[in-house]
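Below, read A as the first sequence line, B as the second, and so on, with proteins coming before strands; counting in each chain starts at 1.
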2 protein chains.
Amino acid sequence: MEKDPVQAIATRLKIEREARGWSLAELAEQSGVSKAMISKIERCEASPTATVLGRLSGAFGLPLSVLMALAERAQEQVALAAEQPVWTDPETGYTRRAVSPPNSLLELLEVSLPPGVRVPYPAAAFAFQHQQIWVLSGRLDFQEGRTLHHLAEGDCLLLGPPADCVFFNPGSEPIRYVVALTRR
Amino acid sequence: MEKDPVQAIATRLKIEREARGWSLAELAEQSGVSKAMISKIERCEASPTATVLGRLSGAFGLPLSVLMALAERAQEQVALAAEQPVWTDPETGYTRRAVSPPNSLLELLEVSLPPGVRVPYPAAAFAFQHQQIWVLSGRLDFQEGRTLHHLAEGDCLLLGPPADCVFFNPGSEPIRYVVALTRR
DNA sequence: TTATTTTGTCCACTATAGAAGACGATTGAC
DNA sequence: GTCAATCGTCTTCTATAGTGGACAAAATAA
C-alpha cells in the first residue's frame, strides 16, 4: 500500500503488451509514448508520470484504475487457501483448486478425484510448455495416448508431447494429486 | 479513458487532503512528498510519477487503484437520476436528493418537504459561499434570521450572511424546492 | 550464406518532476 | 496595534522523466 508501485506497474505493463502481441514500437505508436520510455518502465528504470500512465492505459483500452488494480493483484505474493478459486464438477464430485497466485509463470493445481471417476482430456487442451502430475494420496491410473501409467502415492510423471489423456481413480477412496504446468 | 488523468487526479487529491483536514505541510510529512510538488499537482502544473502517486495514496491509506477509481468518478459529467444519493428523514418524510455529479463546484439539491413539516438549520451549518432557494412546486415559508419569506411556486431567494433558518411547509401537499450552493 | 526487417536496449539531449527554502498573505494571540 | 504561527505559492536548483535516433542481436527472407 505504501510501497513504490513501479515494480508492479512494470510487470503488468509487459503482460498487457505481450498479451496483445505488441512490440515496443507498436505500443509506442498506439499510445504516443516513446518506445525507449516504455522499455525503461518495463525494466523499472523509470517511474512513469500520470500522463504517460493515462496514455498507456488508453492504448490498452483500460481505465487507469483498472490497470492499477491489475498491477496490485500481480504483486500479491501469497494466495491464501481460503481465497483460491475452486471448481467442482457437480456430476462427478471432481474438484480442482488453483493454488498459485494469479499471473504466475508456474501454475499449481490441486485436484481431488472421487473413487471410480474417469476424466478424459483431449490432446488439444494441452497448450502448455511443460506439465507434471504428482500424486499426493491414493493411486492414479493415467492414460497418456496409448501408454497407461500406474501412479502410486508420491509418484511424479512428466508429460510428453500433447496426446489424448484420461485420469482414472481405480480405488474406493478419493485421491489427491497436483498438476504443475507452465503456460506458453 | 484516453484523456490525461492529471486534472482528475488533481481535484481528487485536494478532496482527499481537505477531507482529512490536512494542510499541504501535513500531507507532505505524511507522504514524504514535498509540499511544493503537492501544490503543483493540485493545480495541474505537474504530472506526478507513479512513485509519488504511490506515496500519496499510502498517506491516505488507500490502494493506488482506489485513488485512481475515485479520480475517474470525479470526472463523470452526468449524474444519472437513478444513481443520485437520496436521504430521507424517517421521522418527517423529508427527502433530499444530491442532483449534481460528485465534487462539482456548484451543488444542486432537490428537496421534498411534507406538509406541516418544519426543518430548522442553525447558522453554523451555512459555511457556503453562495446559496439560493428555488421553489419548484407548492408554497414555502422560509425564515432567515428575523425575516420571514413567503415563497410561491417559481420564486427564488438569494440567502444573505449566515443566520439561523427554518424551512416550513404551511400547505397540505408536499412541496418541492431546489437548494443551489457553492462551497467555501 | 547474405541481405533485410524487427526486436529491445543504449546514448545524447531536452523537458520537467521533485526538493528545499524564501516569500507574501492570512489568521489568531496578546 | 504588534508579533508569531501557518497557510499556499513562488523561486532556485538538481534529479530524472521523456524523446529521437543509433545500435547490436535475433528473426526472416532471399
Self-check item: Test of ring centre spacing under 6.0 Å for A:F167 and A:Y177
Solution: yes
Exercise. Write down the atom of B:L53, the atom of B:P48, and the distance for their closest heavy-atom approach.
Key: CD2-CG, 3.7 Å
Quiz item: Just checking, is any N or O donor in the side chain of A:S47 or B:T51 under 3.5 Å from an acceptor N or O on the other one?
Solution: yes
Quiz item: Going by atom types only, do B:H149 and B:E144 share a side-chain donor-acceptor pair under 3.5 Å?
Solution: yes
Rounded to the Å, how far apart are [X] [atom1] and [N] [atom2]?
| X | N | atom1 | atom2 | result |
| --- | --- | --- | --- | --- |
| A:I38 | C:dG8 | CD1 | P | 10 Å |
| A:E42 | C:dT9 | CD | P | 7 Å |
| B:L24 | D:dC7 | CG | P | 9 Å |
| B:L56 | C:dA17 | CG | P | 14 Å |
| A:I9 | D:dA17 | CD1 | P | 12 Å |
| B:I41 | C:dA19 | CD1 | P | 9 Å |
| A:K40 | C:dC13 | NZ | C1' | 11 Å |
| A:L27 | D:dT19 | CG | C1' | 15 Å |

Establish, with yes or no, whether the OP1 or OP2 oxygen of [N] is under 4.0 angstrom from a side-chain nitrogen or oxygen of [X].
| X | N | value |
| --- | --- | --- |
| A:R17 | C:dG8 | yes |
| A:R55 | D:dA17 | no |
| B:R43 | D:dG8 | no |
| B:T49 | C:dA17 | no |

Quiz item: Which sits closer to the 5' end of DNA chain D, A:V52 or B:E18, going by the nucleotide each is nearest to?
Solution: B:E18
Quiz item: In terms of the nearest nucleotide of DNA chain D, which residue is placed more toward the 5' end: A:K35 or B:E26?
Solution: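 The residue whose closest nucleotide sits nearer the 5' end is B:E26.
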Counting any heavy atom closer than 4.0 Å, what does [X] reach on the DNA or RNA strands: base, sugar-phosphate only, or nothing?
| X | result |
| --- | --- |
| A:A46 | sugar-phosphate |
| B:S39 | base |
| A:S34 | base |

Quiz item: C:dA17, C:dT7, D:dT19: which one has an atom nearest the side-chain heavy atoms of B:M37?
Solution: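 Taking heavy atoms from C-beta onward, the closest nucleotide is C:dA17.
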Exercise. For the side chain of B:A36, starting at C-beta, report the closest nucleotide among C:dT7, C:dA19, D:dG18.
Key: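 Among C:dT7, C:dA19, D:dG18, the one nearest the side chain of B:A36 is C:dA19.
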Quiz prompt | B:E29 CD: over 12 foreign heavy atoms closer than 6.0 Å | solution = no
